[in-house]
Each structure stands twice: as C-alpha cells, then as structure tokens.
Amino acid sequence: MASPTEADLAKSLAMAQQELDYRVDLFNRMTSSCFEKCMDRRYKDGELNVGEHSCVDRCCAKYWQVTGIVGQMLGAQGQGM
Amino acid sequence: MNSAMEGMEDLPEAQRNALLQKIEELQVRDSLRTYNSVVERCFVDCVSSFRSKNLDSTEERCVTYVLRKVFEACARVGMRFGEMSSQSEQQMQQMMAATGTARQMIKR
C-alpha cells in the first residue's frame, strides 16, 4: 500500500480535530444538562447527595442513548438523500 | 478518544505536534468557557437581591456550594462519559470484527 499523501494526512488531522471538538462539546452539554436536571437548587451544602449521584448516573446514560438515536436517524436521513 | 490518541502514534512528527498543539488550544478554550459558565450559574442561582453592591454572606456561601457541586457533578459525568465512550468503542470494534468475519465467509 502506498504511504499516505500529504493531503491524506491533512485530512486525517482535520477529522481528528473535528472529532475532538465534537466530544468536548458533547461532554459540556451533557454536564450542563444533567446539572440542570438533577441538582437541588436550594444548595444546602457543597456536596452531591445520594439522590443527586444516582440522578447524574442515569442522566448520563439517557443522554448517551439520545445521542445514539439521533445519530442513527441523522445517518439514515443522510443516506436517504 | 482512545482510538484517536492511539492513531496519533502513526502520524509523522509534524502532524502529531500540530494535533497536540490543537488539543492544548482546545483545553485552554474549554477552561475559559467553563470558567464563564460556572460564574454565570453561580450568579443566576445565588444572587437575586440588589439592595447592596456587595454580596452578603448567604450569597457568598451559596456561590461556594454551587462551585463545589459543579466540580463534583462534572467529575461524575466525566467518569460515566469515559465508561460509556469505551463501551461504545468496544461495541463498534466487535461489530466491525463481526462484519469482517461475515465478509470473509461470503467471499468463500
């Protein structure tokens, strides 16, 4: 197999950067959404209680599932075009 | 993220350095954004009266609580994110391995 060209490498780099960007954004949105949904706004103290811990776990799992579903649908639509 | 990091070793030095620099840039940018969004959250959730120019003790205490909670929540999300990411990646690899095996069988 021929060694990758300059153009191939540039393309891989660009793709890697995009992926990184996407993951960072996903993480930030997940954190923000789950905080919004799970935290007791009265802020009685500075620690997560048991309920908040489980809520965050489940929130992350559900967020991930939503990401998967949306990804599948968008992918299918893209092929349909 | 893991596969991206592993793939990095195959890149020539110049490309790898460029990617590492980009990663650092993203980290700096992300830190600054996090800083701003945490400040906003603290302000929105804790400050609601404007009788004085200075924060009173309740508001100050609330801000420290919010900060600590954000920290903990972020750490926990990070942990789950990492778990789910590697799970997804494993599933992908299994799927690709299975597809590859199926293709080989069809070729025969």
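Per chain, numbering begins at 1; letters A, B, ... match sequence-line order. None of these values were measured; they are calculated from a predicted model.
Across A16(A) and L19(B), no two heavy atoms sit closer than the pair CB-CD1, 4.2 Å. Heavy atoms only, all atoms of each residue included: K69(B) and Y43(A) are closest at CD-CD2, 4.0 Å. Across all non-hydrogen atoms, the minimal contact from M84(B) to A61(A) is SD-CA, 3.8 Å.
Contacts between F35(A) and chain B at a heavy-atom distance below 4.5 Å involve the side chain alone, from C-beta outward. Neither the backbone nor the side chain of R33(B) comes within less than 4.5 Å of any heavy atom in chain A. Within the 4.5 angstrom heavy-atom criterion, no atom of R61(B) approaches chain A. Neither the backbone nor the side chain of S37(B) comes within contact range of chain A; no heavy atom of the residue lies under 4.5 Å from a heavy atom of that chain.
Around CZ of R41(A), the count of heavy atoms belonging to other residues, nucleotides or ligands within 6.0 Å exceeds 12.
Cluster annotation: L74(A) is connected to V66(A) through the hydrophobic network of ILVMFWY side chains, with a link wherever side-chain heavy atoms come within less than 4.5 Å. V47(B) and V38(B) sit in two unconnected hydrophobic clusters of ILVMFWY residues. Membership requires side-chain heavy atoms under 4.5 Å apart, directly or through other members. V70(B) and V44(B) fall into different hydrophobic clusters, defined by Ile, Leu, Val, Met, Phe, Trp and Tyr side-chain heavy atoms under 4.5 Å apart, directly or through other members. In terms of hydrophobic clustering, with Ile, Leu, Val, Met, Phe, Trp and Tyr side chains grouped at heavy-atom distances under 4.5 Å, L55(B) and F43(B) are assigned to a common cluster. Both V77(B) and L26(A) belong to a common hydrophobic cluster when Ile, Leu, Val, Met, Phe, Trp and Tyr are linked at side-chain heavy-atom distances under 4.5 angstrom.
Annotation: maximal heavy-atom pairing with chain A below 4.5 Å, among E83(B), R29(B), R68(B), M79(B), occurs at R68(B). Interface summary for chain B: among D25(A), T31(A), D21(A), D57(A), the most heavy-atom pairs under 4.5 angstrom belong to D57(A). Between chain B and the options E52(A), M39(A), M15(A), the largest number of non-hydrogen pairs under 4.5 Å is found for E52(A).
Here the CZ atom belonging to F81(B) is positioned 9.5 Å from the CG atom belonging to N28(A), to the nearest 0.5 angstrom. Between atom OG of residue S54(A) and atom CZ of residue R76(B) there is a gap of 7.5 Å, rounded to the nearest 0.5 Å.
Side-chain atoms of E36(A) and R41(B), non-hydrogen and from C-beta on, do get closer than 4.5 Å to each other.
Between the side chains of S85(B) and W64(A), no donor N or O sits under 3.5 Å from an acceptor N or O.
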